[in-house]
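The structure under discussion appears below in the form of structure tokens.
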Amino acid sequence: MTLPAVTFSDDQAAAYDRVTEVLRSAGVDLDDQLLTPPQGKAAAVLAVTGKAGSGKTLLLAQLYEALQDAGVEVVSGDYESRKRRDKRTLAILAPTNKAASVLRLRGVPATTIHRILYTPVYDPEYERIADWLAGNGERPEIEGLTDLALDRAEAFYASNKSIPGALAAAGLRGSDFITGWKRREEPLDIGFIDESSMLDDRQYEDLCEIFPTLVLFGDPAQLAPVNQSGAMVFDKLPAPRVLALERIHRQEADNPILDLAHALGDPDLGFEQFERMVEQAAARDERVVWGQRVEVDLMARSPVLVWRNATRIRLINAFRQVHGAPEDALLEGEPLICDGLELPLKHRKKRLDLEARGLIKGAQVIYLGEGRKPGFSRLHVMGAEDPRVSAASIVKIEKPGEEEPFIPFAARMGATFLHGAAVTIHKAQGSQWETVQVFAPDLYAAARMGRSEAGQPLWKRLAYVAITRAQDRLIWVVRNRLAMPKGPLSVDDLRSLPAAPLSLSEPEPEGEF
């Protein structure tokens, strides 16, 4: 077969061939760019597995480009055109907003699993614009919208392929054209799932019901979901359905962070030996830092990664103290982690709206200040397609040695948040940050305890996951100290961020729960 222009390693080429073979049997021939209507056959599931640096993302991106070139339509979660029997579709999903945003920054139009489970309901008048932009109708005439506004929408869609973004470019807000959200009733077609090591059995079963053809991309060296007893969903697939990428592809300049991560695969390597490797790497490469203290200025955007919950709580309180945060209020710029939504069933529409806009469990959020109504907060959801949200909030600040968290303020119901200056390594899976601080004393404690998971020392799995969260720089913090901040908390960097692909330009107005 003819491979894409990039040069694949042997294992990547074999995986590409195997995926294209499954797609061909499902009626999508990438070689001849021929599509036949879906046949409704039994689900076909493949898994592409490999450690960090093995080329999983490259393979996913090349498969996406080949499917797009063949005429397969990408389902983004923000709008779906009217269904045709002969249409073939692809959805590229990740478990978290942060993981999806990592793919989008690499040119892959990914969205969250949750966003694809719930679809927006468009106002019929503005749906005519969406159909026209998607190539399924003629240019409409809409009262209140000029030809210039429609031209702006058309130009935006040509470069970004985002219906909400195009409508926003025409001067509309999300609340103008999206009237609600509904649970997906009809199945989709082809699904690519990144970070699939994070999936639990229930999520996997839901995805198998939606996608007749499903390709999982995951790292077997990461930590399994807490309720999975150390097993990942692709561990249950028969061997021919698991395509393992064994070769590690280095960057042009060798990556010391990946070198450290893969050194953990040596069964004879002990914790003290590994720390010497980290110290040696730090001496020869600025991308690895042997840290004598936690850098507090990084904690507002990149949480310190820890193993023990008690360590997390101590670091959070130290962060708030050095910034002079009062007990009864949050400072603008404090980081939060969404811990779920506390809303009764009668507010299902509001729940779907908030979840679809990124407020799902585990989402990283920056506090921007009080909302216009008591109990409301203005928030920036990191990695979300439309990051600005205003929501009724329940914020919980945990205190060392206290069972019940302190609640500086709260609505009667709404989105619940924990502080996000430090997070456990388990919860960090699926996310990446430019710079990551790993709290080494916690990993030493795990090594001393001698615990194992899936046949490997727990400290090694923890260290592997923590290290591979770093995109550019790793700080290995060896002492229980906190540096003083160089300045007050700020949100200037969020205001200056360019609009992400597939984004709405304006936040929806606050509403009552």
Side-chain angles (χ1 to χ4, degrees), residues 1-6 8 12-48 56-94 103-104 106-111 113 115-117 119 127 130-138 157-163 166 184-194 207-217 241 243 501-502:
M1 66 173 290
T2 302
L3 290 175
V6 300
F8 281 149
Q12 286 176 315
Y16 189 97
D17 286 347
R18 184 73 179 91
V19 174
T20 53
E21 178 185 329
V22 169
L23 292 173
R24 187 181 302 112
S25 66
V28 177
D29 190 328
L30 296 183
D31 289 340
D32 297 327
Q33 296 189 338
L34 294 177
L35 308 179
T36 57
Q39 301 298 316
K41 296 180 180 178
V45 181
L46 285 178
V48 178
K56 299 186 299 296
T57 302
L58 173 66
L59 190 61
L60 187 157
Q62 292 299 314
L63 286 164
Y64 149 66
E65 290 182 7
L67 285 162
Q68 186 181 48
D69 291 344
V72 174
E73 181 178 317
V74 176
V75 177
S76 67
D78 60 20
Y79 173 76
E80 290 179 47
S81 58
R82 292 186 178 89
K83 297 190 179 300
R84 304 191 310 266
R85 283 191 172 185
D86 60 340
K87 184 173 69 173
R88 303 307 303 265
T89 63
L90 165 70
I92 303 168
L93 311 179
L103 286 175
R104 290 200 300 273
R106 297 178 181 179
V108 178
T111 189
I113 293 171
R115 186 69 179 266
I116 216 71
L117 291 175
T119 58
E127 190 170 18
D131 282 337
W132 162 59
L133 292 172
N136 299 318
E138 297 183 356
Y157 186 76
S159 59
N160 292 276
K161 300 302 180 187
S162 167
I163 295 293
R184 178 176 299 281
E185 297 175 355
E186 298 183 8
L188 287 171
D189 191 357
I190 302 165
F192 288 174
I193 315 299
D194 196 28
L207 291 168
C208 287
E209 289 180 4
I210 295 173
F211 295 102
T213 303
L214 190 64
V215 184
L216 309 174
F217 295 82
R241 293 281 178 177
L243 315 173
L502 313 176

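Keep in mind that the numbers below use all heavy atoms, side chains included, and drop hydrogens, waters and symmetry copies.
Remark: Thr89 pairs with no residue by the side-chain hydrogen bond (donor to acceptor under 3.5 Å, both in side chains) rule, at least two apart or across chains.
In this structure the side chain of Arg241 never reaches within 4.5 angstrom of the side chain of Val45, judged on heavy atoms.
The two residues Tyr64 and Gly107 make their nearest non-hydrogen contact at CE2-O, 3.7 Å. Ala66 approaches Leu30 most closely through the heavy-atom pair O-CD2, 3.8 Å. Closest approach of Tyr157 to Ala166, counting heavy atoms only: CB-CB, 4.0 Å. Across all non-hydrogen atoms, the minimal contact from Pro212 to Asp189 is CD-O, 3.1 Å. Annotation for Leu188 and Ala91: closest pair CD1-CB, 4.5 Å, computed over non-hydrogen atoms.
Ile113 CD1 to Asp194 CG: the interatomic distance, rounded to the nearest 0.5 Å, is 10.0 Å. Atoms CG and CZ, from Leu23 and Arg18 in turn, are 10.5 Å apart once rounded to the nearest 0.5 Å. Between the OG1 atom of Thr36 and the CZ atom of Arg88 there is a distance of 6.0 Å, given to the nearest 0.5 Å. Here the CG atom belonging to Leu93 is positioned 4.0 Å from the CD1 atom belonging to Ile193, to the nearest 0.5 angstrom. With rounding to the nearest 0.5 Å, the separation of CG in Leu67 from CD in Glu65 is 10.5 Å. Rounding to the nearest 0.5 Å places CG of Leu46 at 9.0 Å from CZ of Phe217.
Ring geometry for Phe8 versus Tyr16: interplanar angle of 30 to 60°, hence tilted.
We find that Arg24 and Asp31 are joined by a salt bridge, their nearest charged nitrogen and carboxylate oxygen being less than 4.0 Å apart.
Applying the side chain to side chain contact (heavy atoms under 4.5 Å, CB included) test between Ile190 and each of Ile92, Val215, Leu90, Leu63 identifies Leu90 as the sole match.
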